[in-house]
Every structure is written in structure tokens, then in C-alpha cells.
Amino acid sequence: MTKEKLLLLDGNSLAYRAFFALPLLTNDSGIHTNAVYGFTTMLQRILEEEQPSKILVAFDAGKTTFRHETFTEYKGGRQKTPPELSEQFPYLRKLIDAYGIKQYELELYEADDIIGTLAKEASSQDIDVIIVSGDRDLTQLATEQVTVYITKKGITEIEKNTPAYIEEKYGLTPSQIIDMKGLMGDASDNIPGVPGVGEKTAVKLLKEHGSVESLYKAMDTLKASKMKEKLVANEEQAIMSKKLATIFTDAPIEVALTDLAYNGPNEEELINVWRELGFKSLLEKSDFSVQEEEQAPFDYEIVQEVKQEHLKDVMAVHLELADEHYHTCQQLGIALTDGAKPIYVPFDIVAKSDVLRLWLEDATKIKYMSDSKAAQAALRRAGIRLAGVDFDLLLASYINNPGLSGDDVATLAKELGYRDVQANETVYGKGAKRAIPTIDTLAEHASRKAFAVWSVQPKLETLLKENEQFDLYKNLELPLASILGEMESEGITVNRATLEKMGQELNDKLVIIEQEIYKEAGEAFNINSPKQLGVILFDKLGLPVIKKTKTGYSTAADVLEKLKSEHTIIEHILLYRQLGKLQSTYIEGLLKEIHNDDGKVHTRFQQALTATGRLSSTDPNLQNIPIRLEEGRKIRQAFVPSKEGWILFSADYSQIELRVLAHMSEDKNLVEAFREGMDVHTRTAMDVFHVSADEVDSNMRRAAKAVNFGIVYGISDYGLSQNLDITRKEAATFIEKYFASFPGVKQYMDDIVQDAKFNGYVTTILNRRRYLPDITSSNFNIRSFAERTAMNTPIQGSAADIIKKAMIDMDARLKKENMQAKLLLQVHDELIFEAPKEEIALLEKIVPEVMEHAIELTVPLKVDFNHGATWYEAK
DNA sequence: GCAGTCACG
DNA sequence: ACGTACGTGACTGCG
């Protein structure tokens, strides 16, 4: 039998170390997890390397210990444990239990004493001992049989303290560590020691005299010195300090070594704890996770012909797709259930089944789904017009908590405690291994998803109703999904030839600039590599370093702008970057997305992604097509109507976020500005600079505009100073003056942060929520970020609410007016339509009308609009 | 897969 | 003292 090995962990110390070493991670429910995570990774590593046969985690029991009898100030003056750490201890305990590891604490004793006592006992039985702690004091316990591991650099490195190692490092024996502490004290434990004696002096004295006691016995032989005076004056304190630093090895512990046997984790429990904590990387890495994903047997039926009796008035429906690109990917099949045994219909059968098609298109047949927009778009490709969607798990989950990540049914259902469904990744594999499985696997997977949707629907709807968010979900997001699906499927025509011609011209320019840059640099290099560019600019050409990144020199545009006067290469690099971006992202990238069959691009609007309630757009992203610089703006010339004789029509809200702010803050000045139809930036400049309207010059207006942006983003003097390239002080003065002119805004900002601290979340006009667990963080940076988010989210989110409502109203209005015009895109505060020329006049009437009255605010909403033969011209 | 950069509102 | 403007997505280089 191999020799026994006992592992003793100092729970408190390791948790502290991990907490301060790692950034403040949170899991999906907003619990901080960094200490538990750090502890876990360290434990995993030690388990693997050391393979101990016995383990114990010792904790400190409470505030008072027997050491306080000796010295009441022991550990006095310590900062209280940050709440972000305290909240992690219950999870740490749970985790240790799941590992099947004994944990122990003892009234009046510290973890050190428990560890010391057990280490001594184990040594006497010839058991090897490993102690792990972040506290150097423990090294006093090192012997030939006991090695003390001290974590370094937070928790990533471990220093293995054997007696030999300690001898080499200090020239002392382990037991002399206690004497050293007695002399030098320990600020963190509030152990006084001898004032004026540090590590160096203590070590020197101990090398000579051996121990504190022998030192004082030999005191008469010491030469008179300041040091000697201090030692003599503090003899009692030195003796007491040594006593305090001594780990007690005869604590009255009630655990026996035989209780500590380690037989590996309870895998199921451990996985549950890891899941709860959101330790995804550990779950993926662990070899038992796959096995644990195994599910209870599940009954389903693959049908080759859909019959009327298969279809009910209310069913959960899941369309299984081969990947997330639902405009192009293969449709695999449909699973349906009403709570009874699900049926799975392979898609080739779906496509041929009139019975199923009619049922799917029947708006009176109620469907519960997840990501109905994807299904709608993918079914439309097969000529099926999905209708009657009454529940969408993806959207409902998103409204319930937009902070959660994941769109997989497995992830969403798990959040509601339903686990009987597998992750797509488990079924399909990932990366190069990804493949479509057998029909049986697919059928079971899709059936489990349909069943999951069916199962969680009541619970989720109840949750939404409790939070008064059901209306937002049911009457805004759900109908919007179908409108977005239509917009995506319709797509927008992009003229390939236009882009190709621009690409050719860009290429010619890029080649010339590239050569110019190489000449100026004196060598060829990869301009697209910030690393190589940094070497050229800052090492070779010796330009001044203004900003650094984590990995080296910053070469970002704002930095290069400041270097423009230093070297002609700078403006060439800026131009190269600008044109290169156009070429790679907007010419080549967009060309790749044009569908061959219809000459259109079909973006996917992510409706359940942003933290604020905005949409996002992918493959391609049509919400960031260039406009600010003319060269880029020309890209918009490639976006054209789908039919001859049609135009593109664009309408955008003017200053919607500031109007929302005026509405929510009820600031008299801001409200008045909008009611009077003033230019809000000019008005801000007048108030901040105390001038009349005609005295506002372009610089003042520019500064005022930046302040207004800052207000919307959650103002900070630093941020504003960066943006305007002024000092922080000047920025602070601007902000002060702004708040003096708009006191209601100041009040609102203060109130919203207070609200967020009280409730843990902020809300928008339509009661969209965003949780902000970091708002009570003790870390200044993290808390400040959350505070700015608290200020920004109601503004950005309410603006998102308004345009979403406008889209729904617009859709209804176009139908009511029997128009051919189609909504194609949404770009946060802007809607883009295509329509026959004959409808221009009517659009110019109804689009602003509908958008301006989507939601009534205390200030008017204003919409500007334009039309043209291309998106470029619709400006 | 992450960091840096840059396009948009 | 602390050191960031809010919200996104795509591309490139690099380990």
C-alpha cells in the first residue's frame, strides 16, 4: 500500500488570497464567485499533483480566540471582510462538501491551530503531511514530514516550504520563524513585536542567539546601542508576541485522522455546485461532465406522416436547425408535444405535409416555442408562414433577466430548474468535431426541447406577471419577433458591382499608402499588427509613448492623432487603417453575405442579447454601416431598393435619448428646451457658458454636445476629459456648471443610483429590467461602472422601448393603409423602409406620425426623414 | 480564443 | 487614491 498523505487546507486564508488575486467574477445570478473559483482551481491542481489519501479544510471559528486572552488587541484594526467575499463562504462550504472533503472549525481556535494539531498527530503516525495556506506563519510547522505550501502571486504559484528551503531562504529553522515573528511582529494580525525590528534584524539576532529567550538571557553581553535599548524596553512584548505567533499543536479537536479519508468527489453534487456557480470552463474540462450530462430515458415517436390527431389546439413546437444561421442552414425536423409523448417529424416530411403546414399557419392553434423568429424565418424558406406563437422561451427569459447569457433551450430551461434537456454542443459537438447526429439522436434532442418549453411555460409567465413585465414581453417583444423575422427574411438588396468597383479603387489606394508607409518606416512590416506597428513607431522612430495597453504600446486612433505633428507616417497609418477597415469589413465582408439567389443580405437581429433592450445585428451587422466619414458613407450607395421604381425611406428620432432623459428627470430647463423646439446642444452651451444663443460658437457647441453625451453615458470627469482632450479639472467644471443649469438631471442621476442600490436593478419606461449586482461593490471601479450603468440603462433602454413600440405600430399602420412599403432595418433610433415611389408622400405623413406617438412623453418626440435611390441618398 | 482596433447609435 | 465614458459586431494578428 502506498504511504498515506494528509492534505490540510487553511480555508479562510486561501479564500482571502483568491479573492484579492482574481477579478470580481459573478455568476448569472449575480453572486460573486472569484474566491470560490480560485480555491477550486488551486484544489484541483493539488489533488491532481499530490493525490492525498486524507484531506481536511480548516476554518477560523469566530472573532474571539484564546489568543485574545493574552492580548485583547490581537487581529485588531482589521478591515472587515468585504461583503463580496462573505457571500462566497456558503458556496465554498457547499463546494468542499461536494468534493467529499471534511471541513472543521473549533470555537476559540484558529484554522492554524487545527492544522498544527493534526499535522503533529499525523507525523507521529508516520503520515506525510502537506499544508496549504496563504499565510506565511504556517511555515513554522515544517518538518521532514510536513511540507508547507504557501501560495504566491495570488494563487497561481506555490512555494514549497521544507526545513531545507526555509534554512536556505532565512538561515533559520522552522521553529525559529515563531521567534522571528516575536521580534518583528505582524501588522496583519496586529502582533506588535519589538518596534524598529524588521525581518533583517530579527534574522540576524536569531542566527546569533537561537531564540527570543536565549537572546534576552544574553542581553548583558550585547553592546550598548539603540537596538539594545529597544529590545530591553520591549522584552515583555516580544515574549507575548512570540506566544501569539505560536501555533498551538494540542487543540482539543474532535476529528480523528480516520475521519479525513478522501475518496474523490461526489461528481453529481460537484457538477451541480459548479453549474450554480457558473464554472463553465471547469465543467468542460472535467472528464466526468459528459457522463453526468446523461439524461433519464425519454419517450418520443418519429412519425412519417402527420395526422390530424397528432395536432392539438395548444402545443409546444420546436424546429431543430443545423446551426444558428437560420437563413441558410438545413432544417432538420419539428418536435411537437402537449405534455404527452412528443412526436418528431423529419423535415422532408414537414415540407410535404399539408396537415402540418396548415396547422403551423393557423393563428388559432397556439404554439409555445423558443426563438420563434428563427423558426419563422427557416419555415418561410420552405413556404410555411408560421402563425399563432403565444409563448417564446427565449424572449420571456430575456425579459425576466437580460443579463443571462445563452440562447440554447438547455441553458434557458436549466435557469428555471428544468434539466432534462441537453445542450446543443453536447449533441452536435463543437469546433471541428461538430456534426449532425443520427435521426434518433436528433429526434430525442428536439423532443426534449419541445417538452422543456412546454414544462417551463407556466412558471416563466408567472415570474413575468409577478414583476409586471408580462405586458412588455407579450405585447411588445413577442409581436416584434415576428416583425423582425419578416424584415430579415425580406432582406435588403446590395449592389455587388458597386461594392466591387469601390473595392478595386480602395485596393489601388491601399497599395500606394502601404508603400509610402514602408518607405517612411525604412522597412516593410505588417501594418495591421499593432505589435509590429508599435515597434516601428516607438522603438525605431522613437515617437513619444502616450498610452500603453496590457500587452504593449497603444496605437489606437486617438493616440495617433496626437502624434500627427511628429511624423508624416502617422497620417498615412491613419488613412491606411480607415481604408483597410472599409475594405475588409464593408467591401469584402459584405460581399460574402450577399445571397446569390436574390442579391440581398439577410441580417439576423439578436432580440435577446443586449443588457439594455436594444437589438443587435449580425452576419452582416447592418447597424454599423459607415456614415461619419464621407469615404465610408459611400458604402451606403450599394444599398438599394429591391424593385425598379422603388426608393429607400429612412426616418430617425432626433435626440431621443436626451428627450427620454428630459421626460424621466422632469428637469424644467431640459423639458422647456425640447418643448420650445430648441437645438439642445446650443441650449446646453448657452447655460454652461452663460452666453446668448448667437454667441455660441462651434467649439462651445461641440463641448456642450460632449457633455450631453457624457450625461447620457453616466457622466465622469475623467471620461469627459478624455473625449474633449481637456484636463480632468476642466471637465469637472463643465459638469458642475451643467448640473447647476439642469438641477433636475442631477437629482435624477442621484436618485436612480440610490434606487439601483435599494432594488438591485433599474427599469425603463416599459418596465424592462437590468440587474446591477455590482452596485454595492466595495471596489471603487466596479461600483462606479455599475453606477454609470444605472444612469445610462434607463435612458438607452427606454429609447429602445420607444422604437420597438414604433415598429409594432408602424407594421399595423402599413397593413391598415394597404401599403406595399416594407420595413427593412432598424438602427437603434432609425427605421429604414423600401417602398414604391408612389407611396413616398404617404410615408412622409404616417412614418413621423407613428414614430412620434409610439409612446407619449412629457416632451415631444421629433422624427427627421429622407428618401432616395440608395441608402446614401436617403440622408 | 483573446486583445486590439474601429465601425455604428 | 482609485482610473472609465453607455451599448454593440467584425476583422486582424498572435499565442
Side-chain angles (χ1 to χ4, degrees), chain A residues 281 402 430-431 525-534 547-560 573-574 576-590 592-593 603-606 609-629 631-633 635-636 652-658 661 706-724 728 731 735 762 770 777-797 799-800 803 825-831:
Chain A
S281 57
K430 64 168 171 180
F525 66 102
N526 189 338
I527 306 166
N528 284 320
S529 162
K531 196 178 162 192
Q532 293 183 35
L533 180 61
K547 200 164 77 178
K548 286 200 150 198
T549 66
K550 276 180 248 174
T551 50
Y553 307 117
S554 170
T555 65
D558 61 329
V559 172
L560 296 188
I573 287 162
L574 285 166
Y576 181 88
R577 284 248 181 94
Q578 189 200 329
L579 301 183
K581 176 91 178 176
L582 293 178
Q583 183 75 296
S584 65
T585 304
Y586 297 104
I587 302 288
E588 290 165 3
L590 209 47
K592 279 187 210 135
E593 296 289 344
T603 188
R604 297 194 321 278
F605 288 108
Q606 306 298 321
L609 186 147
T610 72
T612 55
R614 275 190 177 183
L615 301 175
S616 86
S617 158
T618 55
D619 301 313
N621 179 355
L622 295 181
Q623 293 183 318
N624 71 347
I625 302 301
I627 190 165
R628 292 172 190 169
L629 299 171
E631 298 94 315
R633 191 173 197 156
I635 298 285
R636 294 179 176 228
D652 66 289
Y653 283 109
S654 161
Q655 307 295 352
I656 189 167
E657 293 191 335
L658 287 172
L661 174 62
V707 173
N708 279 327
F709 268 97
I711 293 294
V712 168
Y713 292 158
I715 195 90
S716 79
D717 49 12
Y718 184 84
L720 182 64
S721 73
Q722 289 297 300
N723 188 284
L724 280 177
R728 227 184 61 215
I735 293 166
V762 289
R770 180 175 184 179
S777 169
S778 58
N779 179 310
F780 175 87
N781 279 328
I782 291 167
R783 188 179 62 249
S784 301
F785 195 176
E787 288 172 353
R788 292 195 298 276
T789 308
M791 298 185 237
N792 172 262
T793 296
I795 300 173
Q796 192 184 116
I803 195 164
L825 300 176
Q826 186 251 46
V827 191
H828 310 308
D829 65 353
E830 176 186 12
L831 297 179

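Protein chains get the first letters and strands the later ones, always in sequence-line order, with residue 1 at the start of each. On a predicted model such as this, the values are computed, not experimentally measured, just so you know. In what follows, every heavy atom counts, from backbone to side chain, and hydrogens, waters and symmetry copies are set aside.
- The side chain of A:Ala557 lies closest to B:dC6, out of C:dA5, B:dC6, C:dC2.
- Checking the phosphate oxygens (OP1, OP2) of C:dA5, no side-chain nitrogen or oxygen of A:Ser716 falls inside 4.0 Å.
- Neither OP1 nor OP2 of C:dC2 sits under 4.0 Å from any side-chain N or O of A:Arg783.
- A:Ile627 comes within contact range of the sugar-phosphate backbone alone, with a heavy-atom separation under 4.0 Å but no base atom that close.
- The phosphate of C:dG15 has OP1 or OP2 within less than 4.0 Å of a side-chain N or O from A:Lys531.
- Within 4.0 Å of A:Ala706, counting heavy atoms only, lies at least one base atom of the nucleic acid.
- Residues A:Pro402 and A:Ala611 share a closest heavy-atom pair of CG-O, 3.9 Å.
- Taking only side-chain nitrogens and oxygens, A:Gln532 comes nearer than 4.0 Å to OP1 or OP2 of C:dC14.
- Nearest-nucleotide positions on DNA chain C for A:Arg728 and A:Asn792 put A:Arg728 closer to the 5' end.
- Nearest-nucleotide positions on DNA chain C place A:Tyr718 closer to the 5' end than the other of A:Tyr718 and A:Gln796.
- A:Gly710 comes within contact range of at least one nucleobase, with a heavy-atom separation under 4.0 Å.
- Atom NZ of A:Lys548 and atom C1' of B:dT5 are 18 Å apart (whole Å).
- Residue A:Asn779 comes nearest to A:Asn781 through the heavy atom pair OD1-N, 2.9 Å, listed as atom of the first residue, atom of the second, then distance.
- In this structure, A:Tyr553 and A:Lys548 have side chains that are in contact, with non-hydrogen atoms separated by less than 4.5 Å.
- Comparing C:dA5 with B:dT5, their P atoms sit 13 Å apart, to the nearest whole Å.
- The separation of C:dC2 from B:dC6, taken at their P atoms, amounts to 28 Å, rounded to a whole angstrom.
- Relative to the side chain of A:Asn781, the nucleotides C:dC2, B:dC8, C:dT8 differ in distance, and C:dC2 lies closest.
- The listed nucleotides are C:dC6, C:dG15, B:dC8; the one nearest the side chain of A:Thr789 is C:dC6.
- If you check C:dG13, C:dA5, B:dG4 against the side chain of A:Ile715, the one that comes closest is C:dA5.
- For A:Lys581, whose side chain is taken as the heavy atoms from C-beta onward, the closest listed nucleotide among C:dA10, C:dG13, B:dC8 is C:dA10.
- Side-chain N/O atoms of A:Arg788 include one lying less than 4.0 angstrom from OP1 or OP2 on C:dC6.
- Here the side chain of A:Thr618 is nearest to one of B:dA3, C:dA10, C:dC6, namely C:dA10.
- At distances below 3.5 Å, not a single donor-acceptor pair connects side-chain atoms of A:Arg728 with backbone N or O atoms of A:Tyr718.
- By the 4.5 Å heavy-atom criterion applied to side chains, A:Phe709 and A:Asn723 are not counted as neighbours.
- Using a 4.0 Å cut-off, some side-chain N or O of A:Arg628 falls inside it from OP1 or OP2 of B:dG9.
- Residue A:Ser617 is classed as a sugar-phosphate contact, given heavy-atom separations below 4.0 Å to backbone atoms only.
- Residue A:Asn779 is classed as having no contact, given no heavy-atom separation below 4.0 Å to the nucleic acid.
- Listed nucleotides C:dG7, C:dC11, C:dG9 differ in distance to A:Ser584; the shortest reach to its side chain belongs to C:dC11.
- When Watson-Crick and G-U wobble pairs are counted only if both distances are under 3.5 Å, B:dC8 pairs with C:dG7.
- A donor N or O paired with an acceptor N or O is not found under 3.5 Å between the base of B:dC8 and the side-chain atoms of A:Gln623.
- By the 4.5 Å heavy-atom criterion applied to side chains, A:Leu720 and A:Tyr713 are not counted as neighbours.
- No engagement by A:Val712 is indicated, since no non-hydrogen atom pair under 4.0 Å with the nucleic acid exists.
- Contact annotation for A:Ala611: backbone-only contact, meaning every heavy-atom pair under 4.0 Å involves sugar-phosphate atoms and none involves a base.
- A sub-4.0 Å separation between OP1 or OP2 of C:dC6 and a side-chain N or O of A:Thr793 is absent.
- One N or O on the side chain of A:Ser617 and one on the backbone of A:Leu622 form a donor-acceptor pair closer than 3.5 Å.
- A sub-4.0 Å separation between OP1 or OP2 of B:dC6 and a side-chain N or O of A:Thr585 is absent.
- Listed for the A:Asp619 side chain is no donor-acceptor partner under 3.5 Å among the backbone atoms of A:Thr603.
- Between A:Asn526 and the phosphate of C:dG13, there is a side-chain N or O to OP1/OP2 separation shorter than 4.0 Å.
- Side-chain proximity of A:Ser616 to the nucleotides B:dC6, C:dC14, C:dT8 is greatest for C:dT8.
- Contacts of A:Asn528 with the nucleic acid, taken as non-hydrogen atoms under 4.0 Å apart, involve only primed sugar atoms and P, OP1 or OP2.
- With B:dA7, C:dG7, B:dT5 as the candidates, the nucleotide lying closest to the side chain of A:Ala556 is B:dT5.
- If you take CG of A:Leu720 and P of C:dT4, they are 16 Å apart, rounded to a whole angstrom.
- Within the nucleic acid shown, A:Leu609 comes within 4.0 Å of sugar-phosphate atoms alone, with no base atom in reach, counting heavy atoms only.
- Within 4.0 Å (heavy atoms only), A:Asn621 reaches sugar-phosphate atoms of the nucleic acid but no base atom.
- Applying the 4.0 Å criterion to OP1 and OP2 of B:dT5, one finds that A:Thr555 has a side-chain N or O inside that range.
- In this structure, A:Ile625 reaches the sugar-phosphate backbone alone: every heavy-atom distance under 4.0 Å involves primed, P, OP1 or OP2 atoms, never a base.
- Side-chain proximity of A:His828 to the nucleotides C:dA5, C:dC6, B:dG9 is greatest for B:dG9.
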